[in-house]
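Let me begin by presenting the structure, written as structure tokens, before commenting on it.
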Amino acid sequence: MEGSTVLGKRKSLEELEVRETPRQGSASNKRNPTRRCVHEVAVPPGYTSTKDESIHGTLLNPVYNGEVAKTYKFELDPFQKVSVACLERKESVLVSAHTSAGKTAVAEYSIAMAFRDKQRVIYTSPLKALSNQKYRELQQEFKDVGLMTGDVTLSPNASCLVMTTEILRGMLYRESIIYLPPAIKMVFLSATMSNAKEFADWICHLHKQPCHVVYTDFRPTPLQHYVFPMGGSGLYLVVDENEQFREDNFMKLQDTFSKQKLSDGSKSVKGKASGKSAKGWIPSSGVSDIYRIVKMIMERKFQPVIVFSFSRREVEQHAMSMSKLDFNTEEEKDHVENVFHNAILCLNEEDRNLPAIELMLPLLKRGIAVHHSGLLPVIKELVELLFQEGLVKALFATETFAMGLNMPAKTVVFTAFKKWDGDSHRYIGPGEYIQMSGRAGRRGKDERGICIIMVDEQMEMNLLKDMILGKPAPLVSTFRLSYYSILNLMSRAEGQITAEHVIRNSFHQFQYEKALPGIGEKVSKLEQEAASLHASGEAEVAEYHKLKLDIAELEKKLMPEILRPERVLYYLDPGRLIKVREGGTDWGWGVVVNVVKRPSAGLGALPLHSSGYIVDTLLHCSSGSSENGPQSKPFPPHPGEKGEMHVVPVQLPLISAISKIRISIPPDLRPLEARQNILLAVKGLETRFPQGPLKLNPDMKIEDPEIVELVKQIEELEKKLISHPCHKKSQDEHQIACFKRKAEVNHEIQRLKSKMHDSELKKFRDELKNRSRVLKKLGHIDANGVVQLKGRAACLIDTGDELLVTELMFNGRFNDLDHHQVAALASCFIPVDNSNEQIQLRAELAKPLQQLQETARKIAEIQRECKLELNVDEYVESAVRPYLMDVIYCWSKGATFADVIQMTDIFEGSIIRSARRLDEFLNQLSAAAQAVGEADLGSKFAAASESLRRGIIFANSLYL
């Protein structure tokens, strides 16, 4: 069957087709079973191996012919054999392989080696939940296994110790890889890493010993990738099991959207609304697309299925929409009920009746489950155990389920191909897609895994191709100097030299130095291009373009100062003309409608960067911006396109100029005519002021000498620009383009050259100097860099903002509070989901919160004085998070969990996670207070911690 049926005659569910156009010669086009394995090794200069080659092979070709530490029931894949050979050489190894390829076998072998050789081994994982799962798994096999997370410590002297990465970093300071002794060998397991060799080179450079890289792109179970157009009636195979992109099917997929648009148009003419919703197409029958897909999967025996969504609320909505489906037999239902009741025995009687627990059993009995970070830990672990036992057939989950333990399914469904990342709605990256799609296909059970991507709009072929077949983003260091690290380094005898040692040896600095030759090559190419761009009158036009670039550079420095909320908000009144620039996109002049303060942008907003203020602005948008629905990102009109004015939420940093001019705007902007009249007014002003409407900067009465000087320099350059002969002369367009390109090329050459000269080391040294100034001003260190009493307390605190909390401790802010208030105030330091509810605090919490905010503002201002780039309001907002103050206060005073969850819209699991982290933080504060002789305060922090440790919040993990 070709194409898609029109919406008036939609196919019934039973007829849902899989579109797979047969190819000529496809019978012989079978998957190549070669299990490709690539081995590389980073070797320090002058290193000579002393290993017996008859047993260990060579550095470049490691093999192992000795007695093995562990045997397997299956034959190892080539990458596993090579990894084992590297381990037996007692050398570090980085293993990069797809999810489900079998990396865990390598980790298990290294643990078995440690037991054989009477050595200790540490297994780290980034999350507590994963550490608990791994502990259970390894404990079943090796017995002598311990666990250390922030919540639990079991058998800390065991030969094999499972711990969170954070605990290891706490033992060795944050820079754990730099501080590991050279005698310790490391095994790195990575699913998605395109620059594995670069990382191995750094390990080799750091520890002066070989580090192997073993890489395979082989999937034990091949994948087929289908796309389902929302509102359509078929699945289109876009990438087959041989990783071949099927352009013919992609074109048919695009056709379905064209036909849907036509159909939508004819429907709206007849006065009927089109049936699109945020969660997919809801036809008149009331059955959603996701329901149809899951039903089809079950009928075709493609279960178990994992359905990934990028919103926890959406995950729950999808699961609840399956109310008519039942996938378990009566025997399986009894088994589920039995496991469920055994699992909740670890909870108090009162907690077993929580709605979040009671509502889950009917779903689980039908073989349907939900998994996301906001669930109660006991439910999340129960779902994982039932899924592993095959008692959950359809799992609705967020992407966190794709991390860590190997829990594969036969089919994976993506309900969207865009996700909100805190800044904007963006397409899923290849690394994320590899991680989640890797859950499809169970080794030894499925001939192939199936991935289905639900798409609600036309997309470019290259975009889809890159998402499914592209390489994951390389690992890039985000190394930064924290006050905690600096104080701990200074408290050692070597002081500042140690801090510099860390900077010099960081992966960040290693990557920077490695990139320098590449920058040199780029400069050479650009110089060749500049030499080839010749034309008459070059000097004159080059000078003109240099003036433009100089003005742009000065404005780049000026605008962040102008746009500080305390300066600019007064002037952003309705009708004010502002210029908007987003990265390389110049939106031109727009009109302010309103200014609001909110934590995140609405749908269709330009990306958020740093400020909490959003300026609703009338901008000239392409007509296509509104066609793709409310979630699509607006964009400026194409050259020659008429376009429309739309209100777009714009964040402060995206404003590139503010005009003196204001125009009147009508009270109702919904009619298109009203908005188009404003567009005409803006166009009229642009004609009247070819250089742009007069800027507001000089009228803002800013007295800061640096800003006054910047404004003066810009004004002088603008006068020169207007009086320049090129300004009035109309020249050949090609010639202007040529000059412009040459000016851009020369500017880029200068930028790259300065980057080569301006060492990253110098930047870090400057930052270290500025942060040390802050520590001196706050009394953490003296003039000689010796750590004082306050600094010694801060050295022990890494869960919350160490500067802010020690300031409260030493100012006596905790002294007048009881331990319940202390617990509530300390909760402000713990990261937690934003709440949409208005915070209204009782009197006993409102005053401490105000004092905390005042102290945070003082610390932010000191950091600004010490030349650290920081927005005071943003620092206060990010450092003080009062969303759980009331909840923690009541819980500390003995309220039930059922009571406290009524006080907030934050997920139950998020409350528990924050409370456990708060307990860690309070223990650190207690230790810090005891260390500086404040025994009473230490006891108060300990009492606050003790008041939290009860009930469901501290129920044991099912894995332990």
Backbone N or O of [Y] within a donor-acceptor pair of the [X] side chain at under 3.5 Å?
X	Y	value
Gln851	Arg813	no
Arg881	Val832	yes
Ser878	Glu874	yes
Ser772	Asn770	no
Gln863	Val774	no
Arg917	Ile830	no

Close side-chain approach of [X] and [Y], heavy atoms under 4.5 Å:
X	Y	answer
Asp782	Lys776	no
Tyr875	Glu861	no
Arg576	Ile658	yes
Val615	Ile655	yes
Val93	Phe188	no
Trp587	Leu654	no
Cys866	Lys777	yes

Once rounded to the nearest 0.5 Å, what's the spacing between atom [atom1] of [X] and atom [atom2] of [Y]?
X	Y	atom1	atom2	answer
Ile184	Ile122	CD1	CD1	6.5 Å
Glu920	Thr799	CD	OG1	5.0 Å
Arg857	Asp873	CZ	CG	5.0 Å
Ile614	Leu652	CD1	CG	9.0 Å
Ile862	Leu778	CD1	CG	4.5 Å
Cys828	Leu804	SG	CG	9.5 Å

Inset, instruction - Output all residues satisfying salt bridge (Lys or Arg N to Asp or Glu O under 4.0 Å) with Glu807, sequence neighbours left out; order by chain, then residue number. - result: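 For Glu807, the residues satisfying salt bridge (Lys or Arg N to Asp or Glu O under 4.0 Å) (neighbours in sequence not counted) are Lys790, Lys858.
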Inset, instruction - May I have the step-by-step check of side-chain contact (heavy atoms from CB on, under 4.5 Å) for Leu487 and Ile781, ending in yes or no? - result: CA-CA 8 Å; Leu487 283 167; Ile781 57 175; 4.0 Å; yes
Inset, instruction - Run the numbers on Gln713 and Glu709 for side chain to side chain donor-acceptor pair (under 3.5 Å), then give the verdict. - result: CA-CA 6 Å; Gln713 286 176 14; Glu709 181 58 30; 3.2 Å; yes
Inset, instruction - Under the side chain to side chain contact (heavy atoms under 4.5 Å, CB included) rule, collect the residues that match up with Glu854, sequence neighbours excluded. - result: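 Counting only residues at least two positions away or on another chain, Glu854 forms a side chain to side chain contact (heavy atoms under 4.5 Å, CB included) with Gln850.
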Inset, instruction - Please assess Leu569 against Val595 for the test side-chain contact (heavy atoms from CB on, under 4.5 Å), listing each intermediate value before the final yes or no. - result: CA-CA 8 Å; Leu569 291 179; Val595 180; 3.9 Å; yes
Inset, instruction - Mind telling me whether Phe921 and Phe829 have parallel, tilted or perpendicular rings, with 30° and 60° as the class edges? - result: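 Answer is tilted, since the angle falls between 30° and 60°.
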Inset, instruction - Could you please spell out the steps behind the side-chain contact (heavy atoms from CB on, under 4.5 Å) verdict for Met809 and Leu925? - result: CA-CA 9 Å; Met809 280 171 68; Leu925 293 180; 4.2 Å; yes
Inset, instruction - Establish, for the pair Arg771 and Tyr483, whether the NZ or CZ atom is under 6.0 angstrom from the six-membered ring centre and no further than 45 degrees off its axis. - result: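 Verdict for Tyr483: a cation-pi partner in Arg771.
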Do you know which two heavy atoms are closest between [X] and [Y], and how far apart they sit?
X	Y	answer
Pro831	Ser914	O-OG, 3.6 Å
Leu918	Ser827	CD1-N, 3.7 Å
Ser92	Gln209	OG-OE1, 4.0 Å
Thr806	Leu803	OG1-O, 3.1 Å
Ala42	Ala200	CB-O, 3.8 Å
Tyr484	Cys795	CE1-O, 3.2 Å

Legend entry - Pair Lys867 + Asp766, salt bridge at N-O below 4.0 Å: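 Result for this pair is no, no salt bridge flagged.
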Inset, instruction - Could you please spell out the steps behind the side-chain contact (heavy atoms from CB on, under 4.5 Å) verdict for Glu869 and Arg864? - result: CA-CA 6 Å; Glu869 286 183 23; Arg864 270 188 75 90; over 6 Å; no
Inset, instruction - Applying side-chain hydrogen bond (donor to acceptor under 3.5 Å, both in side chains), name anything that partners Arg792, two or more places apart in sequence or on another chain. - result: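 Applying side-chain hydrogen bond (donor to acceptor under 3.5 Å, both in side chains) to Arg792 gives none.
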